[in-house]
Every structure is written in C-alpha cells, then in structure tokens.
Peer 1: 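Here it is, the structure, as structure tokens.
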Amino acid sequence: MIAAAVAHPNIALVKYWGKRDAALNLPAAGSLSLTLGPIATRTRVEFAGRPGADRFVLNGREETGAGAAKLSRFIDLVREHAPDAGAVTVESTNDFPTAAGLASSSSGFAALALAATRAAGVEVTDAALSVLARRGSGSAARSVFGGFVRMHAGTLPSGDDAFAEPMEALPMWSDLRCVIAVTREGAKDTPSTEGMNRTERTSPYFAPWVQTVEPAVVRAMEALRAGDFGTLADVAEASALQMHASAMAAVPGVIYFHGATIDVVHAVRRWRGEGLDAFFTIDAGPHVKVFVREGQRAELVAALAGVPGVLRTIETVPAGPARCVDPAAWQEAE
Ligand code: PMV
C-alpha cells in the first residue's frame, strides 16, 4: 500500500477566481492553463492497513493543526473507496517555493491524489482523478494533465462534471517558455480561497468577472489552435488583470501586487513595443509569470534581471501529466 507520484504545477492563461460551491470546491467558471516543468512536487504515500494517526511531512516539516486536518479530510475522500486502508503517512517535497503564489497547491494536490489512489488500490479514470485533485485545490484539477489544459466549471451539484481535460497536442507551442520573476520570498499575504471568498461576498465586479471567463477560454483555445501568439497574449493579460480588478474591488480589497509586480508589468509592455514578444500573467501572489518563445528566452531573462525588485527568475517549459514513480526512489524521480 505504497505509491509515489510526481506532478508539475500549472499557470492559468485564463484564470479561475471564485467558487460556485465552497464545500465541494467547485469553480464559478472554467479556466485554461499550461502545465510547466521541470519544477515539480514529489509525493510518497503509505497506508498502514490499520487505524492510527495520519502523518504529513511537507518539505521535511511535519504538518500539525488545521493544515494536517485539511489533508486528513482529503485522504478521507480516498479512504471512502478503500475502507481498510487505515492511517496514512505522506511525505512530499516541492523543488520550488511553497504557498507563495507559484502554484504549489496545483502540483501538490495532483501528486497527492494520484499517489494516494494508487497506494489505496482505488481505480480512477483521469476525469475522476481530476475531480479528486480539485477537492484539494481548484488549480490541481488541471495539473493531473500535461500541456494546455481546459477546466470545466460543470453544472451538476455533485461536481462530477467539474474536471479538467487536456487539449490536443499542439506542437507549434513546444517552444513556449514561462519565466517566473520572483519579487518576494516567503508565503503570500492572502491565501487564494480567502481572497476568492472575499471577492465573491463583497466585490461589485465579481459577477461581471465571471461573465468574462468562458468567452476568454474559447478565444484562447482558438488562438492556441491557430498558433496566434498575439491573441493569446491579449487574452491572457486581460484575464489576469480582470481577475485582479475584481479582487481589488472587494472590501477590504484583495491586493496581491507589490511595487515590483507592477514594475515588471510595465517593463514587459515596454519590451513588447521594442520587439520582445512576451506577455505576463499574475496569480494570487506578487510574482509575475512572463511567457515568451525559446528564441527570445535569454533576452527576456537578462531583461528581467535588470528590473529593480526582481530577486531571481525561475525558467520553465511545457510539461507532461502527473505520473506514478518508483516509491523506492521517489525523491530523485524525474
Ligand atoms: O486552486 P487554487 O487555490 O490554487 O487557486 C488558483 C487561483 C489562481 O492561481 C489565481 C488562478 C488559477 O486559475 O490558477
């Protein structure tokens, strides 16, 4: 009853922000993302086969209190289908910063969903695995798959149709790169669930934001299929700014931007005018993710290093789906 899995984080080109059901973690609208490596979460799960205390060791630190209770409730969703699995021990490591707005929950819950179902001997379809990962974190539903991934909002109260699906292979985008400009170290100010809840409850722009999402998903998919970088850039930047505008209009405002965040945004726009084809997106944290083609990656990385407030950059490439690996060598697994 041991299994291990590797999953990559994903960055949304069309954002998810808001839930239609908090308990089941159902999104208010769809979204569209790209799964990115080589950064990854690696997770080993072992069920004891008898009752006992669950243990969760994340990045070498034992989780306690509310964090551990949340993870136990997630594992209960697997134990419902494997009543004899018993207590669980989970060890997990991220090779990139955790809970900093760098999408660590996306790879974290995708890897955990895969390793836990495998360890418990629970057979799941890809869609069911995506549904399970969604219960941990909305964005994790997308990290089950590689490449460009579409998340469906679904309409069923059960949430069984709120899963992600990979787009067809789009080889003309294999040279797309995402460079993460890290602007602060440490955890983000407002966890995404809290930011979403406050936006839904208090922002006059939440409902109009939700209306923007499906048309943006359709336009982004058309741009991807047409190999149209310019349209993808327009859709992705608009989605990020519309998401943040709705969050900032909450009371009190949910503000993820710091000074350097805005400085990078202006720099990317200036560079674009000068022939560097790049576009940005921003999640529930202060960092800026900048997309560019491989041919201009080095130029972009050098330019980002020159923006005051950019502490460092993390370079990523399109990556594949979550997968099981040898539990005996899980920490080294590629
Ligand atoms: O599912 P969560 O809690 O990781 O929230 C994701 C929210 C954003 O990163 C801001 C947008 C997205 O679609 O990933």
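Model, not experiment: these values are computed from the prediction. Residue numbers start at 1 and run along the sequence shown. Counting convention: from 1, in listed order, for ligands and their atoms alike.
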Peer 1: Report, in ascending order of atom number, the atoms of ligand 1 lying under 4.0 Å from any heavy atom of W17.
Peer 2: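 Answer for ligand 1: 10 (C).
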Peer 1: Of the side chain and backbone of S105, name the one, both, or neither that has a heavy atom under 4.0 Å from an atom of ligand 1.
Peer 2: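 Answer for S105: side chain.
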Peer 1: At less than 4.0 angstrom from any non-hydrogen atom of M243, what atoms of ligand 1 do you find?
Peer 2: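 Numbered from 1, ligand 1 contributes 10 (C).
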Peer 1: Going by the order shown, which atoms of ligand 1 are within less than 4.0 Å of some heavy atom of S137?
Peer 2: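 In order of number, 1 (O), 2 (P), 3 (O), 4 (O).
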Peer 1: Under 3.5 Å between some N or O of ligand 1 and some N or O of N10?
Peer 2: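 No: no nitrogen or oxygen of N10 is under 3.5 Å from one in ligand 1.
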Peer 1: Side chain, backbone, both or neither: which part of S192 comes within less than 4.0 Å of ligand 1 when only heavy atoms are counted?
Peer 2: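 Answer for S192: side chain.
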Peer 1: Less than 4.0 Å between a side-chain N and a carboxylate O, is that true for R42 and D95?
Peer 2: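 So D95 pairs with R42 through a salt bridge.
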Peer 1: If you measure every N or O of G138 against every N or O of ligand 1, does any of those distances drop under 3.5 Å?
Peer 2: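 There is such a contact, yes.
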Peer 1: List every atom of ligand 1 that sits less than 4.0 Å from any heavy atom of D283, numbering the atoms from 1 in the order shown and giving each element.
Peer 2: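 With D283 as reference, the close atoms of ligand 1 come out as 8 (C), 9 (O), 10 (C), 11 (C).
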Peer 1: Below 4.0 angstrom, N of the basic side chain to O of the carboxylate: do E294 and R177 qualify?
Peer 2: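 Between R177 and E294 there is a salt bridge, with a charged N closer than 4.0 Å to a carboxylate O.
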Peer 1: Using a strict cut-off of less than 4.0 Å between a Lys/Arg side-chain nitrogen and an Asp/Glu carboxylate oxygen, indicate whether K15 and D283 qualify as a salt bridge.
Peer 2: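 The answer is yes: the pair qualifies as a salt bridge.
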Peer 1: Using a strict cut-off of less than 4.0 Å between a Lys/Arg side-chain nitrogen and an Asp/Glu carboxylate oxygen, indicate whether R225 and E168 qualify as a salt bridge.
Peer 2: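 Salt bridge between R225 and E168, a charged N being under 4.0 Å from a carboxylate O: yes.
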Peer 1: Report, as yes or no, whether the 6.0 Å neighbourhood of atom CD on E123 holds more than 12 heavy atoms from other residues, nucleotides or ligands.
Peer 2: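 Not buried by this count: 12 neighbours or fewer within 6.0 Å.
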Peer 1: Which of the atoms in ligand 1, numbered in the order shown and given with their element, are less than 4.0 Å from a heavy-atom of A284?
Peer 2: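 Every atom of ligand 1 under 4.0 Å from some heavy atom of A284: 10 (C).
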Peer 1: For ligand 1, which atoms, with element, lie under 4.0 Å from some heavy atom of R142?
Peer 2: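 The atoms of ligand 1 under 4.0 Å from a heavy atom of R142 are 12 (C), 13 (O), 14 (O).
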Peer 1: Which of the atoms in ligand 1, numbered in the order shown and given with their element, are less than 4.0 Å from a heavy-atom of A12?
Peer 2: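 Reading through ligand 1 atom by atom, the close ones are 12 (C), 13 (O), 14 (O).
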Peer 1: Between D76 and R73 (salt bridge meaning N to carboxylate O under 4.0 Å), is one present in this structure?
Peer 2: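 No, D76 and R73 are not salt-bridged.
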Peer 1: Quick one: does S31 get a heavy atom under 4.0 Å from ligand 1?
Peer 2: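 No, that is not the case, since the closest heavy atom of the residue is not under 4.0 Å from the ligand.
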Peer 1: Give the numbers and elements of all ligand 1 atoms closer than 4.0 Å to a heavy atom of M196.
Peer 2: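 In order of numbering, the contacting atoms are 5 (O), 7 (C).
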Peer 1: Would you give me the side-chain donor-acceptor pairs under 3.5 Å for residues 313-329, sequence neighbours excluded?
Peer 2:
from : atom 1 : to   : atom 2 : distance (Å)
E315 : OE1    : R297 : NH1    : 2.8
T316 : OG1    : C178 : O      : 2.6
R323 : NH1    : H8   : NE2    : 3.4
R323 : NH1    : P321 : O      : 3.1
R323 : NH2    : H8   : NE2    : 3.4
R323 : NH2    : E334 : O      : 3.0
D326 : OD1    : A328 : N      : 2.9

Peer 1: Tell me the salt bridge (charged side-chain N to carboxylate O under 4.0 Å, His left out) pairs involving residues 235-247, sequence neighbours left out?
Peer 2: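 Only E237-R269, E237-R272 qualify under salt bridge (charged side-chain N to carboxylate O under 4.0 Å, His left out).
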Peer 1: For F291, run the ring pair (Phe, Tyr, Trp, His ring centres under 6.0 Å) check against F279, F229, W173 and tell me which one passes.
Peer 2: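 In the set F279, F229, W173, the residue that makes a ring pair (Phe, Tyr, Trp, His ring centres under 6.0 Å) with F291 is F279.
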Peer 1: Just let me know how E194 lines up against ligand 1, side chain, backbone, both or neither, with a heavy-atom cut-off below 4.0 Å.
Peer 2: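 It is neither part, as no heavy atom is under 4.0 Å.
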